[in-house]
Peer 1: 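Below is the structure I would like to discuss, written out as structure tokens.
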Amino acid sequence: MLILTRKVNDSIMIDDNIEIVVVDIKGDQVKLGIKAPKNISVHRTEVFLEIQNQNIKAAESSPESLKNLKDLLNKKKNK
Amino acid sequence: MPELATKAFGNISVEPEQIIDFPEGIFGFNDHVKFALIEEGEDTPFKWLQSTMDREIAFIVIQPELFMKNSYVPEIPKSDLKLISAESIDDCIILSIVTIPENNPEKMTANLQGPILLNKKNKKGRQSISNNENHLVRVPILEQIGG
């Protein structure tokens, strides 16, 4: 991993079209600004990981549970 | 008609037009680059995205408009559309991956933060991330349909 030291208002460039600016530093929090073309996707890492973990849980859903669910929905309909 | 080993239905035959290419796989399952889209049945809104490479890897999916009270348009980066050669989101079918807890099917949820985009024109798919923070990773489906 490349590690750089930056101060507030300093920035780094990734390629010639993505700029990451250190906007503010307060205690253990760093505020970053990201200037990037619209076609670049930027996400917090934890969002990405949460979706990945949810996919893993979703893949454990069994065909039987889907059948149980259908029975449940039918019961609701018939009430 | 090629035969496919599936998690839900055993060995079944699938039509070529049911096969979707996922160039980047699905998050956490990046090796699985081909899935078959299979209907669960006529009386249900659910479908299966079944990996063609491993019968154990399959996702239950649903089109969000079939259960969401309010309209849902994921906010996705253009790069994701480009990856599946779609010009706009209108070229795509949107699917949400469903999680059904083993002993608690009524607590099932749909993932609106990580929608699946399927380009109708070329059968290419991609899991994207919606940049709208109201699009949650676990949306209770039965609450939406007033269950």
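Below, read A as the first sequence line, B as the second, and so on, with proteins coming before strands; counting in each chain starts at 1.
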Peer 1: Apply salt bridge (charged side-chain N to carboxylate O under 4.0 Å, His left out) to E102(B) and list each qualifying residue two or more places apart in sequence or on a separate chain.
Peer 2: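 Residues passing salt bridge (charged side-chain N to carboxylate O under 4.0 Å, His left out) with E102(B): none at all.
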Peer 1: Non-hydrogen atoms of chain A under 4.5 Å away: do they reach the side chain of N104(B), the backbone, both or neither?
Peer 2: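 The answer is neither part of N104(B).
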Peer 1: Are I116(B) and V98(B) grouped together when hydrophobic residues (ILVMFWY) are joined by side-chain heavy atoms under 4.5 angstrom apart?
Peer 2: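 Unlinked, I116(B) and V98(B) end up in two clusters.
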Peer 1: Which of residues 1-23 of chain A get closer than 4.5 angstrom to chain B, counting heavy atoms alone?
Peer 2: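 The stretch does not come within 4.5 Å of chain B.
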Peer 1: Which residues from residues 55-68 of chain A are near chain B, with near meaning under 4.5 Å between non-hydrogen atoms?
Peer 2: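 Result: N55(A), I56(A), K57(A), A58(A), A59(A), E60(A), S61(A), S62(A), P63(A), S65(A), L66(A), K67(A), N68(A).
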Peer 1: Flag yes if I129(B) and V139(B) sit in one hydrophobic cluster, no otherwise; membership is Ile, Leu, Val, Met, Phe, Trp, Tyr, and two members link when side-chain heavy atoms are under 4.5 Å apart.
Peer 2: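 Unlinked, I129(B) and V139(B) end up in two clusters.
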Peer 1: Measure distances from A58(B) to the heavy atoms of chain A and classify the residue's part below 4.5 Å as side chain, backbone, both or neither.
Peer 2: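 Just the backbone, heavy atoms under 4.5 Å.
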Peer 1: Find the one option among Q127(B), K78(B), K82(B) whose heavy-atom pairs under 4.5 Å with chain A are most numerous.
Peer 2: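 Maximum pair count with chain A is reached by Q127(B).
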Peer 1: Tell me, which pairs form a ring pair (Phe, Tyr, Trp, His ring centres under 6.0 Å) where one or both residues lie in residues 78-107 of chain B, sequence neighbours left out?
Peer 2: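 Pairs touching residues 78-107 of chain B that pass the test: none.
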Peer 1: Are Q54(A) and I97(B) close enough, and set up right, to give a side-chain contact (heavy atoms from CB on, under 4.5 Å), and what steps lead you there?
Peer 2: CA-CA 9 Å; Q54(A) 194 63 39; I97(B) 296 182; over 6 Å; no
Peer 1: Should we say atom CD of E75(B) is surrounded by more than 12 heavy atoms from elsewhere, each under 6.0 Å from it?
Peer 2: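 Correct, the count exceeds 12.
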Peer 1: Shared ILVMFWY cluster between I76(B) and L95(B), side chains joined below 4.5 angstrom?
Peer 2: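 No; tracing contacts between hydrophobic side chains, which count when under 4.5 Å, never links both residues.
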Peer 1: Taking a hydrophobic cluster as the set of Ile, Leu, Val, Met, Phe, Trp and Tyr residues connected by side-chain heavy atoms closer than 4.5 Å, whether directly or through intermediates, do V61(B) and M53(B) fall within one such cluster?
Peer 2: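 No, because V61(B) and M53(B) fall into different hydrophobic clusters, even though each may have its own neighbours under 4.5 Å.
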Peer 1: Is R138(B) salt-bridged to E50(A), cutoff N-O under 4.0 Å?
Peer 2: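 Salt bridge between R138(B) and E50(A), a charged N being under 4.0 Å from a carboxylate O: yes.
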Peer 1: Could you see if L37(B) belongs to whatever hydrophobic cluster contains F35(B)? Use Ile, Leu, Val, Met, Phe, Trp, Tyr and a side-chain cutoff under 4.5 Å.
Peer 2: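 L37(B) and F35(B): one cluster.
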Peer 1: Taking F9(B), F59(B), F27(B) one by one, which has the highest count of heavy-atom pairs under 4.5 Å against chain A?
Peer 2: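 Maximum pair count with chain A is reached by F27(B).
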Peer 1: Checking heavy atoms, do the side chain of V137(B), its backbone, both or neither come under 4.5 Å from chain A?
Peer 2: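 Interface part for V137(B): both.
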